[in-house]
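Data block below; observations after.
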There are 2 protein chains.
Amino acid sequence: MTVTLSDVAREAGVSLATASRAINGSANRTVRPELRERVLAAAARLRYSPDANAQAMARGRTTALGLIVHDIADPYFSTIASGVTAAAERAGLVVTLASTDRDPDREMAFVELMQRQRARAIIVAGGRYDDEAANAALAEALVEYRSRGGGAAAVGQPLLGVDTVVIENRSATAELARQLHGRGYRRFAALAGPAHHLTAHERFDGFRGSLAELGAPVDPDLVVPCAFTRDGGYEAMEQLIARGVVGRRDDPSTSVDAVFAVNDVMAVGAMAAARAAGLDVPADVAIAGFDDIITLRDITPSLTTIRLPLADIGAMVTELALAPDNESPRLVPVDGEVILRDSTPPRS
Amino acid sequence: MTVTLSDVAREAGVSLATASRAINGSANRTVRPELRERVLAAAARLRYSPDANAQAMARGRTTALGLIVHDIADPYFSTIASGVTAAAERAGLVVTLASTDRDPDREMAFVELMQRQRARAIIVAGGRYDDEAANAALAEALVEYRSRGGGAAAVGQPLLGVDTVVIENRSATAELARQLHGRGYRRFAALAGPAHHLTAHERFDGFRGSLAELGAPVDPDLVVPCAFTRDGGYEAMEQLIARGVVGRRDDPSTSVDAVFAVNDVMAVGAMAAARAAGLDVPADVAIAGFDDIITLRDITPSLTTIRLPLADIGAMVTELALAPDNESPRLVPVDGEVILRDSTPPRS
DNA sequence: TTGTAGGCGTTATCAT
DNA sequence: ATGATAACGCCTACAA
């Protein structure tokens, strides 16, 4: 049914070997132009399409690159993914995508799957949870994978024992805190995200540490754990408002002048909650986020946040994953850039 | 170096065939439990990992599903992609992703690539351009692919000759127009998107048609072509404002009371332009979009738009692509749902 | 139930 | 420069 290289060879009146050489122009390209033409013509005539699987088997290497993200619908990950696909295309590789919804079992299963596919490398994108067992298991799976010749790299925290593009959450939020302090804010509340979410934790931690140094420590009572989502931010903010710590600026019982949410969508949720409560942002309360989600750049008031070069990060992690094997995991730090906007105006 | 099934067989003291049957539990699972155990144990001991490429070759079928999107970083496509990956996982398939940036050549190249990989099916997501040649070429490539046993499906316009989840842009915007008319709007302008962008065209066309029927035809002068992006919306709106057709409500020269942008990010850009010009939305001008981008649901004023079940669409198109071959391309229409919000309040 | 052997489509090592 | 011919790792009639 399907036309094989043998068919092409026969049609061109040459041997299988010659046909192979003519078509892929292998290492020692030793095939007379004339024959070469004949083979190519035959291939075209027969609409020959090389079987990548057969090639992979014969060559002993594939052209696949595995990419694991928590949720491809999340703009954070889809932007990284776009960087990865671009870099992969440049490298002549094909990206196999898995959206695991943060399920450790599915992550493991996908690594296993990529191992079977003999993929060239695996990229794990996205912050980890504070789950020793799960991280260790995944790390081990990656060690195994690498021991069999695959490449591996991650973006987020350097917890997997592989080359990692490390997102410098702490220093970024520390700088954000300094700049907000510089704009006159002193009494902060934080929408801190889920308890075991390391990225959330790091972001808040940098923020808190910096403020402590500046002599404006965050009151632990004003740190609200919540989901890493828009609704999480909304509910956490509602709670602060219900407790009366966030309210009208002229209300003496109000004790918070700025709220830091560990990501943009939470910040937006918080804004919505504030508005729903009849508060004005930033007049009554300032709000800052993290990520600088593109589609959110036009919200009103414009949101102070931290920008990460996500597409570049995708390209970088691809380079790492594809780089020749090396000893100690390389760590490539990436800084966020503080973007001050209208949601945190200088406070007078 | 790598351990093969033969190694496992030897280790277990059985034949290659038995090892194969024990491990993949093939069709007629005829292997004594005892032996089966021994093989599995040996496999585990040796850390055997089946070679998917070899299996694919021997079995004559792969487990790959190709997905082509215009831009994976775009929430529209990443949400569809999440639906596809979920459905593919259920079907035991692996998704190979290509983000082609609307480049016909890259689309063709990817189809070709998937052909070589002997992928089970190809999904083409995203509206087409009004480019006969490019569409015809892609359609032909897909015909070729299908003639070789692959499945194919698309989402958007039914122009590729394959099963398609057809986005009913026209009827959705027609309904939007009716509802806006019902809210009292009469003088519309439209940010129509790029000239040859079929999705943009359909959306505007449904809108215009409906208004014509209602006796409130859109003045051609108030239809502004522009890029399908936030900046496109911004600039087009700037232009309307500069021309004086959009302005303060109490300004008698203002002739537009509502602006329809063919997608949400353009609508947001338009809002930004209006604000930059000192106008109030919706007091001075109402604005509506299309897509109901999740991250935009909290903008102020909340945006009237049309919601598409993108993740479901991803799942549906996967079903289509995987369905047993059939004759005439099946077309599955999907309607958008009009969501009226604050950006287009009842006009008094 | 288990084993033997041929085949899947290429590549690559040898001679020639 | 070209052509046989082993691999590559697995599946699956077919035979035993």
Side-chain angles (χ1 to χ4, degrees), chain A residues 1-40 42-43 46-64 113 115-120 148-149, chain B residues 1-40 42-43 46-64 113 115-120 148-149:
Chain A
M1 195 64 200
T2 72
V3 22
T4 76
L5 192 53
S6 311
D7 299 326
V8 175
R10 189 175 329 113
E11 170 86 4
V14 302
S15 76
L16 216 198
T18 300
S20 173
R21 294 191 268 250
I23 286 188
N24 72 14
S26 76
N28 18 7
R29 47 174 189 77
T30 52
V31 65
R32 208 186 336 159
E34 173 198 329
L35 273 195
R36 182 187 180 68
E37 285 310 309
R38 232 162 67 200
V39 173
L40 262 29
L46 268 37
R47 302 188 145 287
Y48 168 70
S49 167
D51 184 321
N53 288 294
Q55 291 182 313
M57 227 180 84
R59 298 208 249 246
R61 62 194 155 73
T62 66
T63 171
L113 194 55
Q115 166 61 48
R116 294 155 97 101
Q117 308 279 7
R118 304 296 188 260
R120 286 270 270 282
R148 289 159 120 104
Chain B
M1 196 61 201
T2 73
V3 24
T4 76
L5 191 53
S6 312
D7 299 326
V8 174
R10 191 177 326 116
E11 171 86 3
V14 301
S15 76
L16 217 194
T18 300
S20 172
R21 295 192 267 250
I23 286 188
N24 72 13
S26 75
N28 20 7
R29 45 174 193 75
T30 52
V31 66
R32 211 186 334 158
E34 175 198 328
L35 273 195
R36 182 187 179 68
E37 286 309 309
R38 234 164 63 201
V39 173
L40 261 31
L46 267 38
R47 303 188 145 285
Y48 168 69
S49 168
D51 183 320
N53 287 294
Q55 292 183 313
M57 223 177 86
R59 297 208 251 246
R61 64 194 152 72
T62 66
T63 170
L113 195 54
Q115 167 61 47
R116 294 155 97 102
Q117 309 280 2
R118 304 295 187 260
R120 286 269 269 282
R148 290 161 121 104

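Letters A, B, ... are given to chains in the order of the sequence lines, protein chains preceding strands, and every chain is numbered from 1.
- Counting only heavy atoms from C-beta outward, the side chains of Asn24(A) and Arg59(A) approach each other to under 4.5 Å.
- Whole-Å rounding puts the Arg61(B) CZ to dG9(C) P distance at 15 Å.
- In this structure, Asp7(A) atom CG and dG9(C) atom P are separated by 9 Å, rounded to whole Å.
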Problem - Derivation and outcome, side-chain contact (heavy atoms from CB on, under 4.5 Å), residues Asp51(A) and Arg118(B) - result: CA-CA 7 Å; Asp51(A) 184 321; Arg118(B) 304 295 187 260; 3.8 Å; yes

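- As rounded to whole Å, 8 Å separates atom P of dT2(C) from atom CZ of Arg21(B).
- A distance of 12.5 Å separates CZ in Arg36(B) from CZ in Arg21(B), rounded to the nearest 0.5 Å.
- Here the shortest heavy-atom pairing between Thr62(B) and Asn53(A) reads CG2-ND2, 3.3 Å.
- Nearest heavy atom pair, residue Val31(A) against residue Ala22(A), reads CG1-CA, 4.1 Å.
- Note that CZ of Arg10(A) is 7.0 Å distant from OG1 of Thr4(A), once rounded to the nearest 0.5 Å.
- For the OP1/OP2 pair of dT2(D) and a distance below 4.0 Å, the side-chain nitrogens and oxygens of Arg32(A) include at least one atom meeting the criterion.
- Looking at every heavy atom in both residues, Ala19(A) comes nearest to Ala9(A) through CB-CB, 3.8 Å.
- For Ser15(B) and dT4(C), the shortest distance from a side-chain N or O to OP1 or OP2 is not below 4.0 Å.
- Taking five base pairs at each end of the helix from dT1(C)-dA16(D) to dT16(C)-dA1(D), the local helix axes there meet at an angle of 40°, rounded to 10°.
- In this structure, Tyr48(B) and Val3(B) approach most closely via the heavy-atom pair CD1-O, 3.5 Å.
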Write down the protein N/O and nucleotide N/O pairs, taken from nucleotides 6-10 of chain D, whose separation is under 3.5 Å; answer none if there are no such pairs.
| from | atom 1 | to | atom 2 | distance (Å) |
| --- | --- | --- | --- | --- |
| dC10(D) | OP1 | Tyr48(B) | OH | 2.5 |
| dC10(D) | OP1 | Asp51(B) | N | 3.2 |
| dC10(D) | OP2 | Leu5(B) | N | 2.5 |

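- What separates CZ of Arg10(A) from P of dT2(D) is a distance of 20 Å, to the nearest Å.
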